Amino acid sequence: MSLIEFSLSSYNEVLKNLIRHVELVGISILLGILISIPLGIFLTRHKRMAGLVLALAGTIQTIPGLVMLGFALILIGIGMLPAIAVLTLYAILPILRNTYTGITEVDKSYTEASRGIGMTNMQTLFKVEIPIALPTIITGIRLSTVYIVSWATLAGLIGAGGLGDLIWTGLSTYNTNYILAGAIPSAILALILNGLIGLLEKILTPRGLRGSRV
Amino acid sequence: MIKFENISKSYGQTAILKNISFEIKQGEFVVLIGPSGCGKTTTLKTINRLIEPNDGKIFINGKDITKENPVELRRTIGYVIQQIGLFPNMTVEQNISVVPRLLKYPKQKCKEIVQDLLKLVDMPYEENAHKYPSELSGGQQQRIGVLRALAASPPIILMDEPFGALDPLTRDTLQEEIKQIQKKLKKTIVFVTHDMDEALSLADTIIFMDKGKIIQMASPEEMLQNPGAPIIKSFLSKQIDNGSNGNGSQKLFAEDFMRTKVLKVPKTSRTLECIKLMSSRDVNSLVVINEDDTYLGTVTIEKIKEQGQPGKEIADLVTAEVITVGRKEAAQVAFDKLLSSESSYVIVLNDNQTVAGLITRTSMAKALGEALWGEVQ
Ligand SMILES: Nc1ncnc2c1ncn2[C@@H]1O[C@H](COP(=O)(O)OP(=O)(O)O)[C@@H](O)[C@H]1O
Ligand SMILES: [Mg+2]
């Protein structure tokens, strides 16, 4: 059977797994954002803890995905939940690091001015620091997303579904069609999300900051 | 208006401010000067509570400022810093109106404030309000920095070396403007600098600091006549050494303290290129010369904007309002002419009527020092 015939006949199966894949990526990135941005901002206010927390997040990143999935399987069981837990952990680092550095690197003259003219700490954060750091933060989200699209193929191993399901089926039955039907859509998905978030970054960058990073 | 009572500040074991007391009157232009690290910035920042002293009290209009909420206090005190610190994510209009917006002024009122203030520095609203700071020259950025500090009409403005990073021509123009603004709006200004020329030409009162202490507090004239300590003397003479070549002659001529860097344009220049030149160099007027390099007159930005037509030559717009002096005329004469003149400078001419330089208030202050300290090595 050629790849095209295969795609036509297994259309529903591929689509189902693709949707599941997007769900896995979307939920874990969303959780990653909800954890990392507030945590990153918190760390800029408590710089002594920052080194430790960033090192910890960096260490998590170096643990091989299969090992993490193994732990999750033992601790939580099979299905979507352990997969999302693991993917979220992996999503944290790039967003956390970029939020932290983005805000730390906002030039002191801006925060000095904002305090000096009478902004509260919250106003300085929301009116000055976050807008200026936004491009860097979104770059972090983009890195995480591209990365999680590929890590999410591992989720198939613990019964969470997704495009990985097709790849693993293909690998265990020596069926190239299955492998390609999983691999090609996940590559395309990574490219599309990368482009979309890049576009979002452009739109959300304040006009006064376009063209030059401050 | 502002009263320091025995203010001390230390970091760990290091004393930065040592028992400082002084009083600033309403509407006074006070300049804090002294060597780098002597505590000028620290003193300034205790006024808006960016720094809290360890000891002593500061009163504004009789009220102890530690009794007030620091954020609300800062909204009633303008603040301008050397790094300018305009918010890059906000337009000129948003930057200027940032404090009024924090204070929840109505939208229309905010817009009026921005329009009025831009008029004050000759930057038309339509042309500038929607620009971002990155689209302005350094001088224009700091003008907006000053306007941001003025926007909520605070009675007091603090300025920390606001013109320190600008090129000398631009600095002169902005010094003139801030002095005009202060007189017009009757603000109390506390201004930090390490440049004695700037202090002499701006201050009603100069406070000279060294190693966390006030060495002398006096008017510019008095400080020139009776410098209270050797370090002040050396500060005054250092400025002068930088400025002139001191030829040892007792008699001083106009040429001895003129500035030779002058923006000259031929009378055949087009209006547009002159406007561009003026805005890129942050000056309000240009010296216009004939084909043979002799002096013709000056042209101001207002005149071009009022009467100029795009693409036309500037010859018709040139006036001879600015007073000229010969380079060998006595200093005294040149000063008298400058002081009685409408404009902020006089033009110095060579014998063959070409332009030699010009004398501004700042170069005059420098020369005053030279008259007193000219022989100091
Ligand atoms: N946060 C700080 N911790 C320790 N020392 C400081 C701090 N801020 C300023 N200083 C010191 O205080 C002295 C005065 O500083 P500053 O007021 O900025 O001087 P100036 O503005 O006159 O150049 C300097 O020697 C500086 O190193
Ligand atoms: Mg300083």
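Just so it is clear, the structure is predicted and the values come from calculations on it, not from any experiment. Lettering of chains follows the sequences in order, A, B, ..., and the numbering in each one begins at 1.
Chain A forms the most heavy-atom pairs under 4.5 Å with one residue out of B:Thr76, B:Asn48, B:Val80, B:Ile81, and that residue is B:Ile81.
For chain A, no part of B:Glu72 is nearby; none of its heavy atoms comes within less than 4.5 Å. Looking at A:Thr111, neither its backbone nor its side chain comes within 4.5 Å of chain B, counting heavy atoms on both sides. Contact of A:Lys108 with chain B is not made at all, since no heavy-atom distance falls under 4.5 Å. Heavy atoms closer than 4.5 Å to chain A are found in the side chain of B:Lys45, but not in its backbone. The contact between B:Val98 and chain A is made entirely by side chain atoms (from C-beta outward), counting heavy-atom distances below 4.5 Å. Heavy atoms of B:Leu86 lying under 4.5 Å from chain A belong exclusively to its backbone. Heavy atoms closer than 4.5 Å to chain A are found in both the backbone and the side chain of B:Leu50. Proximity to chain A (any heavy atom under 4.5 Å) is restricted, for B:Arg148, to the side chain, taken from C-beta onward. Within the 4.5 angstrom heavy-atom criterion, atoms from both the backbone and the side chain of B:Asn89 approach chain A.
Heavy-atom contacts from other residues, nucleotides or ligands closer than 6.0 Å to NZ of A:Lys47 number more than 12. Counted within 6.0 Å of CD1 on A:Ile63, heavy atoms from surrounding residues, nucleotides or ligands total more than 12; the atom is thus considered enclosed. The environment of NZ in A:Lys127 is sparse: at most 12 heavy-atom neighbours from other residues, nucleotides or ligands sit within 6.0 Å.
For the pair B:Met90 and A:Met119, the tightest heavy-atom approach, listed with the atom from each and the gap, is CE-CE, 4.5 Å.
A:Ile132 is listed as a side-chain neighbour of B:Pro88, based on a closest heavy-atom distance under 4.5 Å. Contact annotation: the side chain of B:Tyr132 never approaches that of A:Arg210 to less than 4.5 Å [non-hydrogen atoms, C-beta and beyond]. Between A:Arg207 and B:Glu135, the closest side-chain pair of non-hydrogen atoms falls below 4.5 Å.
One distance of note links CZ of B:Arg49 with CZ of A:Arg115; it measures 11.5 Å at 0.5 Å rounding.
Without hydrogens or angle criteria, A:Asp107 side chain to B:Gly85 main chain gives no donor-acceptor distance under 3.5 Å. Under the 3.5 Å distance criterion, the side-chain polar atoms of B:Arg74 are left unmatched by any main-chain donor or acceptor of A:Ile117.
For the 3.5 Å distance criterion, the side chains of A:Tyr110 and B:Gln83 fail to qualify, holding no donor opposite an acceptor.
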